[in-house]
Asks: 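Pasting a structure below so you can have a look.
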Amino acid sequence: MSIDDIGKSLRWLSYNKPNSIFDMRLYGQLKQWHDTYNARFSLYCFAMLDDYLITEMPDTYADELGKSGDWLKFGFHGKNNSRFFDEKGYKAGYALFVKAAENAGMPVTDTIRLHNWLASDEQKTFLHTQGIHTLLYPDDERFPYSDQDGFMEHEMEHWKTHIRFEHLDEVTQDTLFIGRNRIVAFTHEKYVETERDKIENALKIFCSHGYRFI
């Protein structure tokens, strides 16, 4: 379970400084889902918005982020809203994210989804040197997925993404791919509120079928 395009919530947190990160609607909702369903989430972040650098995030929340690191992790998504594959300054963008994560005490995942999915061979080699072990890739027949919905390339696993909640018309066992050994589901930061009921129903169904969140 993951959320892409994380940026505006971190900007709001940096500028408004609530007592707890979980006082915010997004993070409070994720904590509720964790407490209820033992769900775990990866949040994939932009290094910069038009008027905000992720390095502006304070260290105020390092303690509670660290204590939540078993279920809430952060990962690099892209330097900004441009396609990662085309980003010439991708190393600088990645460095911004790493610096921000270290300064703010953000637990980091080694499984990421890049903005607009794809990376060049050079970019993949770089990401692997930075400790990235898995890329989340699109549901597209062009890629050589095995019957376990994955493939290896540049010493990294590539996992097929099955579910984008904002594209899901209804939540059923079939649309949730119940029966697959591994199911990869996500939405974007701006859709969490509108897709909340779908996500909660999916979490209930995953739990009822014995799935473990990673």
Asks: Shortest non-hydrogen contact from Ile183 to His162?
Replies: CA-ND1, 3.7 Å
Asks: What pairs with Glu102 under side chain to side chain donor-acceptor pair (under 3.5 Å), at least two apart in sequence or on another chain?
Replies: none
Asks: List in chain and number order the residues that pass ring-ring contact (aromatic ring centres under 6.0 Å, His included) with Phe84, two or more places apart in sequence or in another chain; answer none if no residue qualifies.
Replies: Phe76, Tyr90
Asks: Who pairs with Arg196 by side chain to side chain contact (heavy atoms under 4.5 Å, CB included), at least two apart in sequence or on another chain?
Replies: Gln29, Trp33, Glu193
Asks: List the atom pairs, donor and acceptor, that lie under 3.5 Å between side-chain atoms in residues 128-139 and the rest of the protein, sequence neighbours left out.
Replies:
unit_1	atom_1	unit_2	atom_2	d
Thr129	OG1	Phe126	O	2.5
His133	ND1	Asp110	OD2	3.0
Tyr137	OH	Lys124	NZ	3.1

Asks: Which residue pairs pass the salt bridge (Lys or Arg N to Asp or Glu O under 4.0 Å) test when at least one of the two sits in residues 38-62, sequence neighbours left out?
Replies: Arg11-Asp51
Asks: Can you tell me which residue pairs pass the side-chain hydrogen bond (donor to acceptor under 3.5 Å, both in side chains) test with a partner in residues 166-177, sequence neighbours excluded?
Replies: Glu166-Thr187, Glu166-His188, Thr172-Thr175, Gln173-His209
Asks: How far apart are the closest heavy atoms of Pro18 and Met24, and which atoms are they?
Replies: CG-CG, 4.1 Å
Asks: If the condition is side chain to side chain donor-acceptor pair (under 3.5 Å), which residues does Tyr94 pass it with, not counting sequence neighbours?
Replies: none
Asks: For residues 200-212, pull every pair meeting salt bridge (Lys or Arg N to Asp or Glu O under 4.0 Å), keeping only residues two or more places apart or in separate chains.
Replies: none
Asks: Kindly write out the residues that satisfy side chain to side chain donor-acceptor pair (under 3.5 Å) with Ser9, not counting sequence neighbours, or none if the list is empty.
Replies: Tyr27, Glu189
Asks: Please name all residues satisfying side chain to side chain contact (heavy atoms under 4.5 Å, CB included) with Pro58, sequence neighbours left out, ordered by chain then number.
Replies: Ser14, Thr60, Tyr61
Asks: So if you build clusters from Ile, Leu, Val, Met, Phe, Trp, Tyr with side-chain heavy-atom gaps below 4.5 Å, do Phe186 and Tyr191 land together?
Replies: no
Asks: Who pairs with Trp71 by side chain to side chain donor-acceptor pair (under 3.5 Å), at least two apart in sequence or on another chain?
Replies: none
Asks: Who passes side chain to side chain contact (heavy atoms under 4.5 Å, CB included) against Thr36, sequence neighbours left out?
Replies: Gln32
Asks: Would you say the side-chain atoms of His115 and Asp4 include a donor-acceptor pair closer than 3.5 Å?
Replies: no
